[in-house]
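What you see below is based on every heavy atom in this structure, not just the backbone, and it leaves out hydrogens, waters and symmetry mates. Keep in mind that what you see is a predicted model, and the values were worked out from it rather than measured.
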Amino acid sequence: GDAAENDEKAESEYVETLQREKEARLQRNKEEFGEEGEAARLRHEGFRQGLYVRIRIDGVPVELLESFNPIMPMVLGGLTPQETNKGFLRCRFKKHRWHKKILKCNDPLIFSLGWRRFQSIPVFSTEDENGRHRYLKYTPEHMHCHATFYGPQVPPNTGILAIQKLSGNTPGFRIAATGVTLELDESFEVVKKLKLVGSPSKIYKNTAFIAGMFNSDLEVSRFEGAKIRTVSGVRGQVKKALREGQPGSFRATFEDKILMSDIVFCRTWMPVEITKYYNPVTTLLAKEGSEGWRGMKPKAQLQVETQTPIEVKADSIYKPITRPEKKFNKLYVSKRLEESLPFASKQKNEEKKRKKKSYVSKRAVVMDADEKKKYTFMQAVNTIRNEKVSKKKTKNAERRVEKAKEDARKEAKLGAVRKANKKRQYRIDGKIAAARERKRLRGE
C-alpha cells in the first residue's frame, strides 16, 4: 500500500513540476513578445512543430488532384539549386544480405535518394590498386562495389536504397541493395578488359612476325610499343607493321625465342558507355498508386513474359580443348660442362634399358619339391597377412566414422548450450544498458 502511495505522490509531483515549467515559459514569452504575442513570435521564430499551416504549390498537374488520396500522408521537402541539376553519380554499393539474387549490370533499379525516387540503369565496377575502375557484370556476393548511374545530383555521403519492383506482391525481401554516394561528375570512366589474340607466322631468334591480332596497318601503328605476352609467359613488344603478308601483321620482339605453337595476346581496356536514363516514380499521379506506375523492365522479365528464348552466342560456349602432348628432346650436357658441375647435378651412370630381354630374364626356373613347398608356404603366409591388414583398415575406417558421428553429436549439444548462455548474457547486458539509459534520461 505504501509503495503505491509513494508512486502516486511522485507522479503528481512530476505533473506539477511540468505545469510550473509551462507557466514560466508562457510568462517569459509574454514578456519577450509583448502585446502582439503569437504573431510576433511567428514573425521571429517561424512556424514551429505542431502548428497547422497553409502552403501554396504552383504548377501542380491535374492528375495529382484526380488521384489524390486523403488517407495517404504526403511528405513535402525542399531542394537546393544544385539538386535540381542532373549528372552521373558514383556510389559505394552493396547487395542486401537478405535479398535472394545478385544484381546484374545494366538492369534497371528504382533508387530512393534524398527526397526523390526514380528509376535508373547502374553500371557496376571495382576499383583496382592503380585507380582504374574495372567493369563488373554482377554485384559481388559479400562485398562492396561501385555503382555509376545517371540521376539528380546530391551531396556526397547521402544514403541510397534500391529496389527492383514497386508492386507489393513481390515475394521475399524487397530491398535489393544499399549504398552511399561518393562523388558527382559529368562523366565517369569505367573500362572492361579486351584481349587481342594473334599467332606467330615466322620466327627469327627473339624476333617474330605475328598475324591475326589486328586487321590493318593503321591499327598496328596505333599499338606500336604496346606490351604483348605469350601464354607461356614470354614478354614482348609490338614494333612495326609488315608490308607483305596478311593485313594487320606486324614484327615483334620477345625476351626469348618463342614457338610456333605459342599464342600471343595483348591486354587492352575499352570504355563502357553509361546509359543516361532517368525515370521519376510518379505514383501520386496514378489512381492505382504504385501498381499504376510502369517503369522499364529487366531483360530477363521481358523474356519470360514474351516467351522469348535466351540468346546463345556460339563464340561464348566453352568447347573442349584437345592439345597434342609435347615431346621434349633429351637434355644433352657436354663433358666439359659436366666436369665443372657439382656431384649432385652430374649425370649418374644409369643402366641403359635393353630393347631385347636378357638371357637371365628369359630363362625358365624349375623348382624341386622342397623349394615348391617353401614357395607355397610363403604365399599362404602373405595371403593371411594381407587379409589381416585389409580387415584392420576396414575396422579403422568404421571406427573413424563412428567417432566423427559422436563428435558431431557432442558439438551439437555444446552448441545449443553455448547459444543459450550467449542469449542469457545478451539479455542481461540489454537490461543493464536500458537501466543506465533510463537513469541518464531522469538525470540521476
Quiz item: Taking the side chain as C-beta and beyond, is there a heavy-atom pair between Ile175 and His99 under 4.5 Å?
Solution: no
Practice problem: Measure the NZ-OG distance between Lys276 and Ser120 for me, rounded to the nearest 0.5 Å. | Solution: 11.5 Å
Quiz item: Hey, is the main chain of Arg20 close enough, under 3.5 Å, to the side chain of Glu23 for a donor-acceptor pair?
Solution: no
Quiz item: Shortest non-hydrogen contact from Leu284 to Ser67?
Solution: O-OG, 2.8 Å
Practice problem: Test Val281 against Ile110 for side chain to side chain contact (heavy atoms under 4.5 Å, CB included), laying out the working first. | Solution: CA-CA 8 Å; Val281 178; Ile110 297 166; 3.9 Å; yes
Quiz item: Quick one: does Ile55's side chain get under 4.5 Å of Leu76's, heavy atoms only?
Solution: yes
Quiz prompt | Side chain proximity check, Gln164 to Leu109, heavy atoms < 4.5 angstrom | solution = yes
Quiz item: Which heavy atom of Glu141 sits nearest a heavy atom of Ile102, and at what distance?
Solution: OE1-CG2, 3.4 Å
Practice problem: Nearest 0.5 Å please: distance from the CG atom of Leu161 over to the CG atom of Leu113. | Solution: 10.5 Å
Quiz item: Do the two ring centres, one from Phe173 and one from His96, sit under 6.0 Å apart?
Solution: yes
Self-check item: Nearest heavy atoms of Gln119 and Tyr277, plus distance in Å
Solution: OE1-OH, 2.9 Å
Quiz item: Is there a donor-acceptor pair closer than 3.5 Å between any side-chain N or O of Asp128 and the backbone N or O of Asn130?
Solution: no
Quiz item: Mind checking whether Lys423 and Lys419 have side chains closer than 4.5 Å, heavy atoms only?
Solution: no
Quiz item: Out of curiosity, Asn106 CG to Glu273 CD, how far, rounded to the nearest 0.5 Å?
Solution: 9.5 Å
Quiz item: So, His133 versus Arg90: side-chain donor-acceptor pair below 3.5 Å or not?
Solution: yes
Quiz prompt | Heavy-atom side-chain contact between Lys395 and Arg399 under 4.5 Å | solution = yes
Exercise. Verify the neighbour count for atom CD of Glu311: are there more than 12 heavy atoms of other residues, nucleotides or ligands below 6.0 Å?
Key: no
Quiz item: Which atom names give the shortest non-hydrogen contact between Leu259 and Ile203, and what distance separates them?
Solution: C-CD1, 3.5 Å
Practice problem: To the nearest 0.5 Å, tell me how far Met213 CE sits from Ile228 CD1. | Solution: 5.5 Å
Quiz item: Under 3.5 Å, is there a donor-acceptor pair between the side chain of Thr207 and the main chain of Thr253?
Solution: no
Quiz item: Is there a donor-acceptor pair closer than 3.5 Å between any side-chain N or O of Ser249 and the backbone N or O of Gly245?
Solution: no
Exercise. State, without any angle test, whether Asn421 and Arg418 hold a side-chain donor-acceptor pair at a distance under 3.5 Å.
Key: no
Self-check item: Qualifying residue for side chain to side chain contact (heavy atoms under 4.5 Å, CB included) with Val231, from Val197, Asp262, Ile263
Solution: Ile263
Quiz item: Pick from Lys410, Lys405, Lys403: which one makes a salt bridge (Lys or Arg N to Asp or Glu O under 4.0 Å) with Asp407?
Solution: Lys403
Self-check item: Ring centers of Phe250, Phe214 separated by less than 6.0 Å
Solution: yes
Practice problem: Would you check if Leu166 and Trp293 make a side-chain contact, meaning some heavy-atom pair closer than 4.5 Å? | Solution: yes
Quiz item: Is the number of heavy atoms from other residues, nucleotides or ligands under 6.0 Å of Lys346 NZ greater than 12?
Solution: yes
Quiz item: Any side-chain donor paired with an acceptor under 3.5 Å for Thr230 and Arg235?
Solution: no
Quiz item: Heavy atoms, side chains only, cut-off 4.5 Å: are Ser390 and Lys393 in contact?
Solution: no
Self-check item: Tyr138/Cys105 under side chain to side chain contact (heavy atoms under 4.5 Å, CB included): CA gap, chis, key distance, verdict
Solution: CA-CA 6 Å; Tyr138 299 96; Cys105 188; over 6 Å; no
Quiz item: How far does CG of Asn85 sit from CD of Glu186, to the nearest 0.5 angstrom?
Solution: 8.5 Å
Practice problem: For Arg92, look at atom CZ and say whether over 12 heavy atoms of other residues, nucleotides or ligands are found less than 6.0 Å away. | Solution: no
Exercise. Give a yes or no on this: more than 12 heavy atoms of other residues, nucleotides or ligands lie within 6.0 Å of atom CE of Met260.
Key: yes
Practice problem: Check whether any side-chain N or O of Glu387 sits under 3.5 Å from a backbone N or O of Thr383 as a donor-acceptor pair, and report yes or no. | Solution: no
Quiz item: Counting only heavy atoms not in Arg222, do more than 12 fall under 6.0 Å of its CZ?
Solution: no
Practice problem: Answer yes when Glu437 and Arg440 have at least one side-chain N-carboxylate O distance shorter than 4.0 Å, and no when they do not. | Solution: yes
Practice problem: Taking all non-hydrogen atoms of both residues into account, name the closest pair between Pro108 and Met296 and its distance. | Solution: CG-O, 3.5 Å
Practice problem: Would you mind checking if Arg409 and Glu406 are paired as a salt bridge, meaning a charged N to carboxylate O distance below 4.0 Å? | Solution: yes
Self-check item: Exceeds 12 heavy-atom contacts within 6.0 angstrom, atom NZ of Lys94
Solution: yes
Quiz item: Do Lys195's NZ or CZ and the ring of Phe265 fall within the cation-pi criteria of under 6.0 Å and 45°?
Solution: yes
Quiz item: Taking C-beta and beyond as the side chain, do Ser201 and Gln246 meet within less than 4.5 Å on heavy atoms?
Solution: no
Quiz item: Counting only heavy atoms not in Asn157, do more than 12 sit closer than 6.0 Å to its CG atom?
Solution: no
Quiz item: So, are Asp58 and Arg56 salt-bridged, with charged N and O less than 4.0 Å apart?
Solution: yes
Exercise. Indicate yes or no for a side-chain donor-acceptor contact from Ser345 to the backbone of Leu341 under 3.5 Å, with no hydrogens or angles considered.
Key: no
Exercise. Count the heavy atoms belonging to other residues, nucleotides or ligands that lie under 6.0 Å from CD of Glu66, then report whether that count exceeds 12.
Key: yes
Quiz item: Considering all heavy atoms of both residues, which atom of Thr268 and which atom of Phe223 are nearest to each other, and what is their separation?
Solution: CG2-CE2, 3.5 Å
Quiz item: Atom OG in Ser125, atom CD1 in Ile274: separation rounded to 0.5 Å?
Solution: 8.0 Å
Quiz item: Side chain of Glu127, backbone of His146: donor and acceptor closer than 3.5 Å?
Solution: no
Exercise. Verify the distance criterion only: is there a donor paired with an acceptor across the side chains of Glu305 and Gln301 at less than 3.5 Å?
Key: yes
Exercise. Begin from the C-alpha positions of Lys227 and Val238 and carry the test side chain to side chain contact (heavy atoms under 4.5 Å, CB included) through to its verdict.
Key: CA-CA 7 Å; Lys227 294 177 182 177; Val238 177; over 6 Å; no
Practice problem: Compute the ring centroids of Phe149 and Phe88, then answer whether they are less than 6.0 Å apart. | Solution: no
Quiz item: Quick one: are the ring centres of Tyr150 and Tyr278 less than 6.0 Å apart?
Solution: no
Practice problem: For side chain to side chain contact (heavy atoms under 4.5 Å, CB included), just list the numbers for Phe93 and Thr178, CA-CA rounded to whole Å, side-chain angles, deciding distance to a tenth of an Å, and then say yes or no. | Solution: CA-CA 6 Å; Phe93 208 64; Thr178 55; over 6 Å; no
